[in-house]
There are 2 protein chains.
Amino acid sequence: MSHATSSKSLPGNKAPGPGRPRNFDEAAALQTAMCVFWQKGFEATSLDDLTAAMGLSRSSFYGAFGDKQTLFLRAVEHYSKNAIRTLKEIAEATDGDAVEAMMEAISDPHGGSRGCLLVNCITELAPHDTRVAELGRRHLESIEEIFAKALDPQDPGAVRDRARAYTSLAIGTLALRKAGIPADRIADTLKQAKTVLSP
Amino acid sequence: MSHATSSKSLPGNKAPGPGRPRNFDEAAALQTAMCVFWQKGFEATSLDDLTAAMGLSRSSFYGAFGDKQTLFLRAVEHYSKNAIRTLKEIAEATDGDAVEAMMEAISDPHGGSRGCLLVNCITELAPHDTRVAELGRRHLESIEEIFAKALDPQDPGAVRDRARAYTSLAIGTLALRKAGIPADRIADTLKQAKTVLSP
DNA sequence: CTGATTATGGATCATTCAGTCCATATTCAG
DNA sequence: CTGAATATGGACTGAATGATCCATAATCAG
């Protein structure tokens, strides 16, 4: 068979050991899988969906990622770490109102309607999968912590409840948006809530 | 075959026309289906799950409800009407703080972890099914309206944003609860948010 | 009773699903 | 070069899926 296999190794793959080297970028494939799960959810995503999007044969898929469930957990964990890191950066980089910037980033009223992958997972799977519930809980608690530090850098512990209220509010807007409530109304809601929730 | 079929008609079935009468209560079957969808979501619920829970053969199922999708929409609509009616009753019956009572009823921090069926549907299906999105939007707007009337019976239109903030907050707590955040923390959050959000 | 009409049970169907297998290809160590 | 080790393509598998079909049962109108 012809093949034009790339002569050398691939972008981000570690130094090859003995056997034949990977013909794909594992990190990129994981990222792609994450997007598919994000758009369709776990149950509605088939292996064909995944392998097609990732550009892998089934052999490569199972060889590299184990199975659908395992890949899913990796993808979700990857998403969570990324999202939390980004949110921290936003909270720290803002010279103005960090809370406002965070609310905007989470609810993202002008973005698509995929929502937050972790929230999607919690809703779909957490009641029946303790590992997902655990990942979800940690994710939400991380967000809460960032809010708390933004609200009171000196004593974050004193504003836990308020931080959790902001978290809940931001998460709630994701459902509104998915249901088709116009972005400007959601933005107004956040503005309103922000001014009213200020101490 | 023996059979012991109930000699007469069934509980809530309308007067029989020509053919053989239904051997089950359609309303009860719908209610049961609703519970199954509520617990497992749409994709994860199989026809065997449904027929087993409803106590129907496939013939009866398809004869009475069309198909899985159609039944699902009926079940969701049924849930929504019920939930909105109940919420209205709670808001009107409370002599104390109606908003607080509504928040408690929606977030239900001491209930199970199935959340709100409509929110589950929105998260799982709304981005890919406009009918679900429409049902979800109407549901959320109904909640918002009840909040608005509770906040200011004279001029509900003037407090739309605040009503939507309460809605979002209540919906958000459902995710927290599903993720395993302790009920008492959620209750504290609501109390805190309520006092702070008061005008 | 007879015939029309509707419901029921259960077999059946084509499709899709997640996951396996094997022959072949590509690399490294020696 | 030889052989061990790993990756790849793609056919294949058994189970589960949503949905249909048909023979039979139960009812009503006449």
Side-chain angles (χ1 to χ4, degrees), chain A residues 1-26 28-29 33 36-37 40-75 125 129, chain B residues 1-30 33 36-37 40-75 125 129:
Chain A
M1 215 175 281
S2 72
H3 223 353
T5 56
S6 62
S7 40
K8 293 301 169 187
S9 69
L10 220 57
N13 286 352
K14 53 185 137 187
R20 179 175 174 173
R22 289 265 161 83
N23 202 20
F24 62 94
D25 182 342
E26 188 171 319
V36 178
F37 282 127
K40 310 191 59 169
F42 178 77
E43 293 286 353
T45 296
S46 73
L47 242 79
D48 285 339
D49 291 334
L50 289 169
T51 52
M54 300 161 85
L56 298 185
S57 72
R58 273 171 136 71
S59 305
S60 302
F61 178 92
Y62 280 98
F65 297 107
D67 63 5
K68 188 187 170 185
Q69 170 99 322
T70 305
L71 168 65
F72 176 73
L73 290 173
R74 273 186 68 180
L125 305 169
D129 186 328
Chain B
M1 215 173 282
S2 72
H3 223 351
T5 55
S6 62
S7 40
K8 296 297 170 188
S9 68
L10 221 54
N13 286 351
K14 53 186 138 187
R20 178 175 176 173
R22 288 263 162 84
N23 202 20
F24 62 95
D25 182 343
E26 188 171 319
L30 179 64
V36 178
F37 282 127
K40 311 191 59 169
F42 178 77
E43 294 285 354
T45 297
S46 73
L47 242 78
D48 284 340
D49 291 334
L50 289 169
T51 51
M54 300 162 85
L56 297 185
S57 73
R58 273 171 139 71
S59 307
S60 302
F61 177 92
Y62 281 99
F65 297 106
D67 62 5
K68 188 187 171 186
Q69 171 97 324
T70 305
L71 168 64
F72 177 73
L73 290 173
R74 273 187 68 181
L125 305 168
D129 186 328

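Bear in mind the structure is a predicted one, so any value in this text is a computation, not a measurement. Residue numbering restarts at 1 for every chain, and letters A, B, ... go by the order of the sequence lines.
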**Request:** Ignoring hydrogens and angles, tell me if any N or O in the side chain of B/Ser60 forms a donor-acceptor pair with the backbone of B/Leu56 under 3.5 Å.
**Result:** no
**Asked** Once you round to the nearest 0.5 Å, how far does CD of A/Gln69 lie from CZ of A/Phe42?
**Response** 4.5 Å
**Asked** Would you say C/dT8 has OP1 or OP2 under 4.0 Å from some side-chain N or O of B/Ser57?
**Response** no
**Request:** Check every strand shown and say whether A/Ser60 touches a base, only sugar-phosphate, or nothing at a heavy-atom separation below 4.0 Å.
**Result:** sugar-phosphate
**Asked** Atom CZ of A/Arg22 and atom P of D/dT8: how far apart are they, to the nearest Å?
**Response** 6 Å
**Request:** Find the distance B/Arg20:CZ to C/dT6:C1' and express it as a whole number of Å.
**Result:** 9 Å
**Message:** For a 4.5 angstrom cut-off between non-hydrogen side-chain atoms, does A/Asp49 reach A/Met54?
**Reply:** no
**Request:** For A/Asp67 and C/dG19, give me the distance from atom CG to atom P, rounded to whole Å.
**Result:** 5 Å
**Distance, rounded to the nearest Å, where A/Met54 contributes CE and D/dT8 contributes P** = 12 Å
**Message:** Any residue in residues 40-53 of chain B with a heavy atom nearer than 4.0 angstrom to DNA chain C? Just list them by number, or reply none.
**Reply:** none
**Message:** Any heavy-atom pair between the side chains of B/Tyr62 and B/Leu47 that's under 4.5 Å?
**Reply:** yes
**Fill in**
Taken to the nearest whole Å, CZ/A/Phe61 to C1'/C/dA18 is 9 Å
**Asked** So what does B/Ser59 touch, heavy atoms closer than 4.0 Å: a base, only the sugar-phosphate, or nothing?
**Response** base
**Asked** Can you tell if the side chain of B/Leu71 reaches within under 4.5 Å of the side chain of B/Phe61, non-hydrogen atoms only?
**Response** yes
**Fill in**
Side-chain atoms of A/Pro18 come closest, of C/dG9, C/dA25, D/dA5, to D/dA5
**Message:** Check this for me: does any side-chain nitrogen of one of A/Arg58 and A/Asp48 sit under 4.0 Å from a carboxylate oxygen of the other?
**Reply:** yes
**Prompt:** Whole Å only: how far is the CZ atom of A/Phe24 from the P atom of D/dA7?
**Reply:** 8 Å
**Asked** For the side chain of B/Pro21, counting heavy atoms from C-beta on, which of D/dA26, C/dT8, D/dT8 is nearest?
**Response** D/dA26
**Message:** Nearest whole Å is fine: how far is D/dA19 C1' from B/Leu56 CG?
**Reply:** 15 Å
**Item:** Any B/Glu26 side-chain heavy atom under 4.5 Å of B/Phe65 side chain
**Value:** yes
**Message:** Could you work out how much the helix from C/dC1-D/dG30 to C/dG30-D/dC1 bends, comparing the axis of its first five pairs with that of its last five, to 10°?
**Reply:** 0°
**Request:** Please step through side-chain contact (heavy atoms from CB on, under 4.5 Å) for the pair A/Leu125 and A/Phe72, ending with a clear verdict.
**Result:** CA-CA 12 Å; A/Leu125 305 169; A/Phe72 176 73; 3.5 Å; yes
**Message:** Starting the side chain at C-beta, find the nucleotide from C/dG19, D/dA25, D/dG18 nearest to B/Lys68.
**Reply:** D/dG18
**Any donor-acceptor pair under 3.5 Å from B/Lys68 side chain to B/Thr45 backbone** = yes
**Prompt:** For the side chain of A/Arg58 and the base of C/dG19, is some donor closer than 3.5 Å to an acceptor across the two?
**Reply:** yes
